[in-house]
Enquirer: 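Could you have a look at this structure, given as structure tokens, before my questions?
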Amino acid sequence: IIEKITAQIPDNLYRKGQKADVIITHDKNSDKQKTLVNSKGKMDYSFRITDKMTGKYEITINYLGKAIKKFSYDIR
């Protein structure tokens with residue numbers, strides 16, 4: 001399964017060249033990746049989930065130290 005995350009950075013926060021942090025927490029383990037934000041403030045990030053990666057996922061998108069988007073979901 002490939003999951004795609006998108007977020008829109010508010011105009012008042014957008015800074016050219018700054019990357020967004022995508023933090024994925026699963027089973028108390030966190031993985032943080034930096035991803036590009038385009039000139040219109042949009043970011044896209046894709047990641048793969050295998051059949052063995054069941055459970056609850058918490059995802060946070062941070063930009064310039066502020067949480068822009070937070071959500072969670074379960075894979076069963």
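Reckoned from all heavy atoms, side chains included, excluding hydrogens, waters and symmetry mates.
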Enquirer: Within this structure, what is the OH-CG distance for the pair Tyr14 and Asn38, rounded to the nearest 0.5 Å?
Expert: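 Taking OH in Tyr14 and CG in Asn38, the distance rounds to 7.0 Å.
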
Enquirer: For Val22, which of Lys34, Lys69, Met43, Lys32 qualifies under side-chain contact (heavy atoms from CB on, under 4.5 Å)?
Expert: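 Checked Lys34, Lys69, Met43, Lys32 against Val22; only one passes side-chain contact (heavy atoms from CB on, under 4.5 Å): Met43.
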
Enquirer: Mind checking what makes ring-ring contact (aromatic ring centres under 6.0 Å, His included) contact with Tyr45, not counting sequence neighbours?
Expert: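 Per chain and number, Tyr45 pairs via ring-ring contact (aromatic ring centres under 6.0 Å, His included) with no residue.
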
Enquirer: Measuring from atom CD1 of Ile24 to atom CD1 of Ile61, what distance do you get when rounded to the nearest 0.5 angstrom?
Expert: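 Going from CD1 on Ile24 over to CD1 on Ile61, the span is 7.5 Å.
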
Enquirer: Under 4.5 Å between side-chain heavy atoms, hopping through other hydrophobics if needed: is there a path connecting Phe71 to Ile9?
Expert: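 Phe71 clusters together with Ile9.
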
Enquirer: Test your reading of the model: is there a side-chain donor-acceptor pair from Glu58 to the backbone of Lys70, 3.5 Å cut-off?
Expert: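 Side chain of Glu58 to backbone of Lys70, a donor-acceptor pair under 3.5 Å: no, none is there.
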
Enquirer: Can you find a heavy atom in the side chain of Val37 that is under 4.5 Å from one in the side chain of Gln18?
Expert: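 Side-chain contact under 4.5 Å: no.
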
Enquirer: Go through the steps for Ile5 and Thr35 under the test side chain to side chain contact (heavy atoms under 4.5 Å, CB included), then give the verdict.
Expert: CA-CA 11 Å; Ile5 300 168; Thr35 190; over 6 Å; no

Enquirer: Measure from the side-chain N and O atoms of Tyr63 to the backbone N and O of Arg15, and report whether any donor-acceptor pair falls under 3.5 Å.
Expert: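 Indeed, once roles are kept as given, a pair shorter than 3.5 Å links the two residues.
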
Enquirer: Distance check, rounded to the nearest 0.5 Å: Thr54 atom OG1 versus Asp27 atom CG?
Expert: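 Reported to 0.5 Å precision, the distance equals 7.5 Å.
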
Enquirer: Could you see if Leu64 belongs to whatever hydrophobic cluster contains Leu36? Use Ile, Leu, Val, Met, Phe, Trp, Tyr and a side-chain cutoff under 4.5 Å.
Expert: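 No, no single cluster joins them.
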
Enquirer: With side chain to side chain contact (heavy atoms under 4.5 Å, CB included) as the test, would you mind laying out the steps for Gln33 and Phe47 before giving the verdict?
Expert: CA-CA 10 Å; Gln33 300 291 321; Phe47 66 100; over 6 Å; no

Enquirer: Which pair of heavy atoms, one from Ala67 and one from Thr60, lies closest together, and at what distance?
Expert: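 The pair with the smallest heavy-atom distance is CB-CG2, 4.2 Å.
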
Enquirer: Is any side-chain heavy atom of Ser72 closer than 4.5 Å to a side-chain heavy atom of Thr25?
Expert: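 A side-chain contact is absent here, since even the closest heavy-atom pair is not under 4.5 Å.
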
Enquirer: State plainly whether the residues Lys56 and Asp74 are in salt-bridge range, i.e. N to O under 4.0 Å.
Expert: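 So Lys56 does not pair with Asp74 through a salt bridge.
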
